[in-house]
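When a residue number appears, it is its place in the shown sequence, counting from 1.
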Amino acid sequence: MNNDSQLQRDVSDELAWEPAIDHAHIGVAVANGVVTLSGFVKSYPEKIAAEHAARRVFGVRGIAEEIKVRFDFTPTTDDAQIAEKILTLFNHDITVPENHLQVQVEKGWVKLTGKVDWNYQREMAKRIAGHVLGVIGVTNLIEVRHVPTPRDVKDRIMAAFKRSADIEASAISVTAEGGIVHLSGQVPSWKDRRTAELAAWSAPGVTKVEDTLTIA
């Protein structure tokens with residue numbers, strides 16, 4: 001059995017193992033370590049869960065996500081109601097700054113714009129929007145506001161890598177210019193790559209992380 005065939009089996013097994021996913025209508029294809037997910041699921045959170053499950057599998061070098069959201073009912077909420085619900089949830093969540101974000105909804109697809117101080121606020125806004133009934137997708141265009149970046153931001157990121165049990169710091173190169181951080185090198189899995197990204201985003205003053213890490 002070649003590596004792609006085994007990887008296809010492993011990803012399919014992981015999808016079946018994840019309780020948040022009904023894997024019956026998800027197709028898995030693999031070519032040179034790149035996994036293509038197709039088919040349909042019943043909600044946007046389930047679509048995200050399927051992608052995360054695939055990323056957890058060792059040996060996955062890339063993911064092409066082509067899953068569609070197909071509700072098993074007709075949503076009673078229109079685009080205006082979806083937008084209103086998202087904004088209400090933003091206002092009730094202390095991690096999302098009030099009155100700094102804009103929401104646009106077209107046929108169930110949400111576009112988020114605006115500025116926040118930290119990337120975790122950007123990610124939380126996307127997560128909140130994705131869990132609203134009737135949403136089929138989220139485009140997150142929220143920007144991280146530029147603040148003064150410490151001169152030693154590169155050293156801080158490398159120190160964070162060394163503290164992490166999940167990151168092999170010696171295999172990663174970090175360059176920083178202004179608020180933009182570039183990561184290069186090799187990591188053993190998508191999980192390690194995501195962990196490195198999150199560590200870089202946690203440094204003060206970082207407005208963008210350019211990740212060209214490859215999966216070894």
Side-chain angles (χ1 to χ4, degrees), residues 11 15 18-29 34-56 60 62-147 179-180 190 193-194 197-198 200-201 206-212:
V11 172
L15 293 174
E18 172 56 60
I21 303 169
D22 180 359
H23 68 287
H25 301 291
I26 299 177
V28 178
V34 177
V35 176
T36 299
L37 302 177
S38 59
F40 62 90
V41 293
K42 297 177 182 178
S43 70
Y44 183 70
E46 188 177 353
K47 175 179 178 177
I48 297 301
E51 182 177 346
H52 287 174
R55 290 186 186 278
R56 289 197 297 265
V60 172
I63 294 179
E65 198 271 278
E66 300 176 359
I67 298 174
K68 307 295 183 183
V69 175
R70 183 184 298 175
F71 299 110
D72 57 1
F73 59 92
T74 301
T76 58
T77 51
D78 60 22
D79 288 344
Q81 290 173 316
I82 291 174
E84 182 179 357
K85 178 63 174 178
I86 292 172
L87 289 170
T88 299
L89 291 174
F90 284 174
N91 289 336
H92 285 83
D93 194 295
I94 60 174
T95 61
V96 179
E98 292 187 45
N99 305 318
H100 288 279
L101 303 181
Q102 296 78 48
V103 178
Q104 179 182 336
V105 185
E106 184 175 353
K107 296 180 180 179
W109 196 283
V110 178
K111 182 170 74 173
L112 303 176
T113 55
K115 292 186 177 182
V116 294
D117 293 325
W118 292 92
N119 185 63
Y120 79 85
Q121 297 171 317
R122 179 178 182 269
E123 295 295 326
M124 180 57 70
K126 180 180 179 181
R127 185 179 305 173
I128 290 172
H131 279 79
V132 171
L133 186 65
V135 171
I136 63 171
V138 180
T139 299
N140 193 357
L141 300 179
I142 298 172
E143 299 177 10
V144 178
R145 187 179 291 108
H146 179 69
V147 296
I180 301 175
W190 273 99
R193 181 177 180 180
R194 180 59 174 165
E197 285 183 6
L198 292 176
W201 271 117
V206 173
T207 59
K208 183 178 181 182
V209 175
E210 297 178 341
D211 180 3
T212 60

> How close do Ala200 and Val206 get, heavy atom to heavy atom, and via which atoms?
Replying inline: O-CG2, 3.5 Å
> Which atom pair, heavy atoms only, marks the closest approach of Pro45 to Gly130?
Replying inline: CD-O, 3.3 Å
>> For Ile142, is there any backbone N or O sitting under 3.5 Å from a side-chain donor or acceptor partner on Arg122?
In response: yes
>> Set out, in order, the CA-CA distance, both residues' side-chain angles and the distance that settles side chain to side chain contact (heavy atoms under 4.5 Å, CB included) for Gln121 and His100, then state yes or no.
In response: CA-CA 11 Å; Gln121 297 171 317; His100 288 279; over 6 Å; no
> Around atom CZ of Arg56, are there more than 12 heavy atoms of other residues, nucleotides or ligands at under 6.0 Å?
Replying inline: yes
> Do you know which two heavy atoms are closest between Ile67 and Ala50, and how far apart they sit?
Replying inline: CD1-CB, 3.9 Å
> Excluding sequence neighbours, so at least two apart, what forms salt bridge (charged side-chain N to carboxylate O under 4.0 Å, His left out) with Asp78?
Replying inline: none
> Backbone N or O of Leu141 within a donor-acceptor pair of the Lys111 side chain at under 3.5 Å?
Replying inline: no
> For Arg193, which residues count as a side chain to side chain donor-acceptor pair (under 3.5 Å) partner, sequence neighbours excluded?
Replying inline: Asp211
>> Using 0.5 Å steps for rounding, measure from the CD1 atom of Ile21 to the CD1 atom of Ile26.
In response: 5.5 Å
> Say you draw a straight line from CD1 of Ile136 to NZ of Lys47; how long is it, rounded to the nearest 0.5 Å?
Replying inline: 8.0 Å
>> What's the separation between atom CE in Met124 and atom CD1 in Ile94, rounded to the nearest 0.5 Å?
In response: 9.5 Å
>> Please report the interatomic distance OG1(Thr88) to NE2(His92), rounded to the nearest 0.5 Å.
In response: 7.0 Å
>> If you count every heavy atom of other residues, nucleotides or ligands that lies below 6.0 Å from Glu84 atom CD, does the total exceed 12?
In response: no
>> Quick check against the 3.5 Å criterion: does Trp201 have a side-chain atom that pairs as donor or acceptor with the backbone of Val209?
In response: no
> Is any NZ, NE, NH1 or NH2 atom of the basic residue among Glu51 and Arg55 found under 4.0 Å from an Asp or Glu carboxylate oxygen of the other?
Replying inline: yes
>> Please find the pair of heavy atoms, one from Glu46 and one from Val41, that lie closest to each other, and give the distance.
In response: CD-CB, 3.7 Å
> Just how far is it from atom NZ of Lys126 to atom CG of Leu112, taken to the nearest 0.5 Å?
Replying inline: 9.0 Å
> Lys208 versus Glu210: any side-chain heavy-atom pair under 4.5 Å?
Replying inline: yes
>> Just verifying a value: how many Å separate Leu198 CG and Asn119 CG, rounded to the nearest 0.5 Å?
In response: 7.5 Å
> Shortest non-hydrogen contact from Leu101 to Ala125?
Replying inline: CD1-CB, 3.9 Å
> With distance as the sole test, does Asp79 use its side chain to make a donor-acceptor pair with the main-chain N or O of Gly108 at under 3.5 Å?
Replying inline: yes
> Are Val135 and Ile82 close enough, and set up right, to give a side chain to side chain contact (heavy atoms under 4.5 Å, CB included), and what steps lead you there?
Replying inline: CA-CA 7 Å; Val135 171; Ile82 291 174; 3.7 Å; yes
> For the residue pair Val35 and Leu37, what are the closest heavy atoms and their distance?
Replying inline: CG1-CD2, 3.8 Å
>> Do Lys85 and Thr77 have side chains that approach each other closer than 4.5 Å (heavy atoms only, starting at C-beta)?
In response: no
